[in-house]
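Before any comments, here is the structure.
Values in this document were obtained by computation on a predicted structure and should not be read as measured data. Residue numbers begin at 1 in each chain, while the letters A, B, ... track the order of the sequences.
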Amino acid sequence: MSTTDERGASRAHRPDDSLARLRREGRIVIVGASLAGLRGAETLREEGFAGSLTIIGDEPDRPYDRPPLSKQVLVGGAAADRTTLPRRRAIRAHWRLRTAATGLDLTARRVRLDDGDEVPYDRLLITTGARSRPWPQPAEAELDGVFVLRTNRDAERLGRRLMAGPRRVLVIGAGFTGSEIASACRELGLPVTVVERGPTPLVGALGGVVGQVAAELQREHGVDLRCSVMVTALEGDAAGRLRRAHLSDGTALDVDLAVVALGAVRNTEWLDGSGLGAGPRGVACDAGCRAFDVRGLVTDDVFVAGDVARSPHPLFGYQFLSLDHWGNAVAQAEVAAHNMISPGPDRRPHLWVPAFWSSQFGVNIKSIGVPSMGEEILIAQGSLAEHSFAGVYGCQGRVVAAVTFDQTKWLDFYQQQIETAAPFPPPFRSVDRRPDGLHPVPAEFPDPSLPSHGPTVTLCGYSPTERRIVFTPARA
Amino acid sequence: MRLVVDLNRCQGYAQCVFLAPDVFSLNGEEALRYTPYVDDARREQVAAAMAACPVQAILMDDVVDDMMDDPLPAAFDVHH
Ligand SMILES: Cc1cc2nc3c(=O)[nH]c(=O)nc-3n(C[C@H](O)[C@H](O)[C@H](O)COP(=O)(O)OP(=O)(O)OC[C@H]3O[C@@H](n4cnc5c(N)ncnc54)[C@H](O)[C@@H]3O)c2cc1C
Ligand code: SF4
């Protein structure tokens with residue numbers, strides 16, 4: 001490279017110059033038009049990106065908020081098509097909605113679309129999130145009366161059927177979404193049965209000790225909760241309407257509405273064969289949100305954020321985490337966008353401490369850190385019996401997470417404890433002198449090698465290229 | 001106007017509930033519920049709630065998508 005070129009032509013090769021040019025007239029493409037995609041786009045403009053911005057999304061609507069879909073929307077507190085996300089600023093984007101990305105050419109830097117078009121990019125942000133895991137028997141999943149809940153259209157259809165007053169609702173899976181749906185049903189006065197394979201609701205996310213409280217909440221609110229049981233088959237009538245569910249304990253249940261809440265699947269199929277380190281657990285990226293390729297090498301023009309990302313967290317031993325957290329989608333998109341248009345030394349790591357909320361049966365549940373890493377839990381404030389407490393999770397002598405039921409005020413304190421790797425169990429003086437709080441007890445997480453739909457944080461090891469991922473080279 | 005509350009940040013202090021009771025409510029002790037879409041008549045109320053929120057958790061916009069955004073066909077644009 002010549003730095004003496006008077007016309008400055010070859011100086012375009014200098015990183016500073018090419019970055020300046022990118023910021024001025026580059027092409028950034030975002031695939032996935034939801035929370036992470038929108039907040040990423042806003043951050044790019046906020047930080048001075050003046051080039052062209054294209055947002056590709058397969059849903060018909062502008063980015064909308066999903067958490068209300070299993071809460072306000074189901075009980076009639078908000079219309080399903082009215083949760084569009086507010087904008088932080090104007091983004092001057094070219095929107096290509098109702099259009100799915102079907103492939104990625106890393107060498108030519110192009111995204112292929114389902115309408116045959118190809119969109120070139122200088123930087124790509126992948127925010128394709130996740131979708132509901134479907135009921136495993138396709139013919140049964142097709143029955144009229146069988147639902148999942150991920151999109152505003154799902155919520156609209158489900159909400160309408162709930163309002164029509166089904167005889168009994170069956171919720172399959174008692175993770176957060178399933179539990180919130182059950183809560184909404186009870187608020188509407190509908191009979192509801194929840195069937196959960198694990199020993200308690202929320203066991204994958206919060207462990208069995210806290211899960212037991214969730215079980216009590218459900219039963220006190222009139223949910224017919226059946227744990228350690230699986231739904232083995234859904235049966236329809238001659239007209240293809242759901243009428244019965246068969247359970248692994250040999251019993252059957254007459255239901256006309258079932259909601260499959262078995263967790264989420266990451267939307268990475270469109271990246272198959274692209275050479276990116278993408279698999280069922282998401283797209284692996286470094287702490288700066290740069291995607292890894294299948295060889296475990298980091299790319300510099302492809303970034304990832306939100307539910308589809310799988311990234312190493314310095315606070316948790318650099319293990320890769322994938323998070324189904326609203327707050328993570330926002331924070332990670334901000335970091336990704338910043339790094340996309342910043343020189344190396346100005347880039348930032350995504351150091352966000354995982355945080356999550358849910359509300360069900362009138363209780364505000366919040367967590368911080370990675371509860372599923374916890375070997376033990378100590379109820380430090382309040383009490384399990386009162387359904388109002390703060391529980392602290394410990395792993396190898398340090399605080400790794402906390403959960404609160406109607407005790408939000410303690411979360412900031414525990415966030416500090418997590419960030420400073422404070423010792424576990426916490427010293428006695430910071431703990432209520434209640435019987436629950438005297439001793440840590442095993443947190444009772446299920447065997448992580450068993451398939452589970454529950455956790456909202458999945459620990460997925462140290463390898464940027466998943467062992468399970470099969471690399472199929474693109475056909476010549 | 002479109003509305004979202006960062007419920008990780010929200011402390012359930014309920015200032016917003018006092019200032020805009022048609023929009024915000026508490027479900028139980030501290031779980032905040034809100035209407036994600038409010039009409040113009042509530043603008044002042046929500047603005048007061050935003051200003052009063054001690055953790056700045058409320059985001060509202062009244063910008064309909066800016067002009068450089070290409071518009072959606074009317075059939076799908078149910079939001080504004
Ligand atoms: C019912 C429900 C309740 C929730 N409640 C809570 C809660 O209480 N607290 C909390 O912290 N989190 C909650 N969440 C999780 C939160 O909504 C997600 O973490 C968040 O939506 C992630 O945003 P995202 O942009 O990464 O992904 P997503 O919102 O999944 O968006 C991805 C987008 O990309 C699109 N897409 C996928 N593939 C393609 C493709 N090939 N081409 C083009 N577009 C594509 C998808 O259709 C989608 O529009 C909830 C989620 C649901 C579904
Ligand atoms: S004022 Fe802010 S912190 Fe308080 S309840 Fe409302 S949103 Fe939450």
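Minimum interatomic distance between A:F356 and B:N8 (heavy atoms only, all atoms of both residues): N-OD1, 3.5 Å. The minimum heavy-atom distance between B:V4 and A:L85, with the atom names listed, is CG2-CD2, 4.2 Å.
Environment of CD in B:E44: sparse, with no more than 12 heavy atoms of neighbouring residues, nucleotides or ligands closer than 6.0 Å.
With values rounded to the nearest 0.5 angstrom, B:R2 atom CZ is found 11.0 Å from A:R82 atom CZ. Rounding to the nearest 0.5 Å places CG of A:D65 at 15.5 Å from OH of B:Y37. Distance check: B:S25 OG to A:Q72 CD gives 8.5 Å after rounding to the nearest 0.5 Å.
Your options are B:L3, B:L26, B:T35, and the one with the most heavy-atom pairs under 4.5 Å with chain A is B:L3. Comparing B:E29, B:E30, B:R9 by how many heavy-atom pairs each has under 4.5 Å with chain A, the most go to B:E30. Per-residue heavy-atom pair counts under 4.5 Å with chain B were compared for A:L53, A:V363, A:V330, A:T408, and the maximum is reached by A:T408. Heavy-atom pairs under 4.5 Å with chain B peak, among A:N364, A:D412, A:L411, at A:N364. Counting heavy-atom pairs under 4.5 Å between each of A:P86, A:G77, A:G362 and chain B puts A:P86 at the top.
For a residue to count as touching a neighbouring chain, one of its non-hydrogen atoms must lie under 4.5 Å from one of that chain's; by this rule A:D406 touches chain B with backbone and side chain alike. Both the backbone and the side chain of B:L59 come within less than 4.5 Å of a heavy atom of chain A. Neither the backbone nor the side chain of A:Q360 comes within less than 4.5 Å of any heavy atom in chain B. Both the backbone and the side chain of B:Y34 come within less than 4.5 Å of a heavy atom of chain A.
A:K409 places no side-chain N or O within donor-acceptor distance of the main-chain N or O of B:Q11, the cut-off being under 3.5 Å.
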Residue pair A:K71, B:L7: steps toward the side-chain contact (heavy atoms from CB on, under 4.5 Å) verdict: CA-CA 13 Å; A:K71 305 177 183 75; B:L7 291 170; 6.0 Å; no

